[in-house]
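Sequence lines set the chain letters: A, B, ... in the order given, protein chains first and strands last, and positions in each chain run from 1. Here the structure is a predicted model, which is why all the values come from computation and not from measurement.
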Protein chains: 2
Amino acid sequence: MKTQQTAEVAARPAGRPRSEKAERSIIEATLELLGEGIGVSELSIESIAGRAGVGKTTIYRRWSNKEDLVVDALATLKPPIPLPQGGTVRDDLVTYLRVIQEESRHHRTRCIMNIAMSDSERHPRLAERFRELAVEPRRAVVTAVLRRGMETGELRADLDLDMALALLSGAMIWSTKWSHSGDPQADLPERIVDEALKGFRPRPSTPEPCPEL
Amino acid sequence: MKTQQTAEVAARPAGRPRSEKAERSIIEATLELLGEGIGVSELSIESIAGRAGVGKTTIYRRWSNKEDLVVDALATLKPPIPLPQGGTVRDDLVTYLRVIQEESRHHRTRCIMNIAMSDSERHPRLAERFRELAVEPRRAVVTAVLRRGMETGELRADLDLDMALALLSGAMIWSTKWSHSGDPQADLPERIVDEALKGFRPRPSTPEPCPEL
DNA sequence: GCGTTGCGAAACTCAGTCGTATCGAAATCA
DNA sequence: TGATTTCGATACGACTGAGTTTCGCAACGC
């Protein structure tokens, strides 16, 4: 009898149920601290508990170690990038890079990105979560845009999609990080997209890309 | 009299001179630990002293804080990239990317790169040192290669050099970090360079880049 | 009401690190 | 030889954080 009851799917365990509010506070506090530049290794359970207004016990009851907590916290980050879909391929790509650029202005996003780039070496599960949360959605969006361009003839039919994504995203990150001047570089997305679209080689005199169309 | 002597340039201070060997051990130990994946924030003076076989005093006597030590340690890293100069622009660029790719295979280099990407947020002097040590030499080499190509007509005369460098280097880093498969990707340099050279737009039928030459 | 479980707060032990101080030995110069 | 400085080693007090335990109270089912 008892066995049947406890085996039920929705069998509520006896006693006071765990507070969802506390759980949300803990995760929010974790993200806040990470967003303030605290690295994963420096992140302490005590600081999280203090920030969340929660006892350490409440954290340890839910997560057995820091990595689990951070992984779960990152999982709640919603990818804030919808599709820029709409105009020409060039316009869409510029829009895409502009969103990335805008994100990298926010301190919080930059810190999270740093964790993704750096701590993923020591925390494979973090890296996996990041790929799933941030990289993959962006890859899907850009791939869709590029594929459309290949169909309309706006792009080469034999374009290497993975390389195209790497060139665009990589260039954006590199420029943001290492461009010698600290200026805002407002036209960065346009410059990247235009260079990528044109390529490095000279065009054979005629400015018209598709003469016979 | 005495004042004149102590004012001399090469006036050796009395007492036992500082050991150069200890200094080298300290710096080497620092680089070793960083190369093993220890982040700057987790790096402890005690662990450095232990690894170097040196008393903590010997470290504190030379560097007043950890950041100074790390900056000095990084300064001893010789940029192992000479010029790949030689063949066509395409070949030189492929060679350049291949060196980066080869570097990123070594755990030590990867860790140092992670520090550059991530800790530069909190340690501006580290970022500065990195730009000077790693970014700037590479920029110079690639810029020279590209400029040569622009002169010979192998590349567009109005090429945006900064963007070209960002596209190439950024794509390499992005691919190494986020390419979905964990495979070696031996042909990555070729693929990146070829996509970058060709650009995304279709060529106007003729495969000959410069008909009138 | 009673048993059970979660809550926040506080105390605890254990370990690591910091930066300083002290020690005897070693290295250098006058 | 003696003064001076560095050497590695060790100890020190202060601090921080981990992970556990205890406490009194709150929330739930029965």
Novice: Applying salt bridge (Lys or Arg N to Asp or Glu O under 4.0 Å), name anything that partners B:D160, two or more places apart in sequence or on another chain.
Specialist: A:R191
Novice: Below 3.5 Å, can you tabulate the donor-acceptor pairs from side chains in residues 47-56 of chain B to any protein atom, sequence neighbours excluded?
Specialist:
residue	atom	partner	partner atom	Å
B:S47	OG	B:S44	O	2.7
B:S47	OG	B:S44	OG	3.0
B:R51	NH1	B:E32	OE1	2.6
B:R51	NH1	B:E36	OE2	3.0
B:R51	NH2	B:E36	OE1	3.1
B:R51	NH2	B:E36	OE2	3.3
B:K56	NZ	B:E46	OE2	2.9

Novice: Go through the structure and list residues passing side-chain contact (heavy atoms from CB on, under 4.5 Å) with A:V89, not counting sequence neighbours.
Specialist: A:L93, A:V145, A:E154, A:L155
Novice: List the residues meeting side-chain hydrogen bond (donor to acceptor under 3.5 Å, both in side chains) with A:T76, not counting sequence neighbours, and say none if there are none.
Specialist: none
Novice: Go through residues 24-45 of chain B and report each residue with a non-hydrogen atom lying under 4.0 Å from DNA chain D, sorted by number.
Specialist: none
Novice: Within this structure, what is the CH2-to-C1' distance between B:W63 and C:dG19, rounded to whole angstrom?
Specialist: 17 Å
Novice: Once side-chain hydrogen bond (donor to acceptor under 3.5 Å, both in side chains) is applied, what residue pairs with a partner in residues 13-27 of chain A remain, sequence neighbours excluded?
Specialist: A:E23-A:R62
Novice: Base contacts versus sugar-phosphate-only contacts with protein, heavy atoms under 4.0 Å: please encode nucleotides 3-9 of chain C as B, S and - from 5' to 3'.
Specialist: -BBBBSB
Novice: Measure from NZ on B:K66 to C1' on C:dG19 and round the result to the nearest Å.
Specialist: 13 Å
Novice: Within this structure, what is the NZ-to-C1' distance between B:K21 and C:dA27, rounded to whole angstrom?
Specialist: 14 Å
Novice: Kindly write out the residues that satisfy salt bridge (Lys or Arg N to Asp or Glu O under 4.0 Å) with B:E103, not counting sequence neighbours, or none if the list is empty.
Specialist: B:R138
Novice: B:S169: what forms a side-chain contact (heavy atoms from CB on, under 4.5 Å) with it, not counting sequence neighbours?
Specialist: A:W174, B:Y96, B:L165
Novice: By salt bridge (Lys or Arg N to Asp or Glu O under 4.0 Å), which residues pair with B:R156, not counting sequence neighbours?
Specialist: A:E195, B:D158
Novice: Which residues pass the side-chain contact (heavy atoms from CB on, under 4.5 Å) test with B:I38, not counting sequence neighbours?
Specialist: B:L33, B:E42, B:L43
Novice: What's the angle between the local helix axes at either end of the helix from C:dG1-D:dC30 to C:dA30-D:dT1, using five pairs per end and rounding to 10 degrees?
Specialist: 10°
Novice: Specify the separation, in whole Å, of atom OH of B:Y60 and atom P of C:dG19.
Specialist: 4 Å
Novice: Could you check how far CG of B:N65 sits from C1' of C:dT20, rounded to whole Å?
Specialist: 16 Å
Novice: Side chains of B:I192 and B:M172: does their closest heavy-atom pair fall under 4.5 Å?
Specialist: yes
Novice: What is the distance, rounded to the nearest whole Å, between atom CD of B:E46 and atom C1' of C:dA15?
Specialist: 12 Å
Novice: Using a strict 4.0 Å threshold on nitrogen-to-oxygen distance, state whether A:E128 and A:R131 make a salt bridge.
Specialist: no
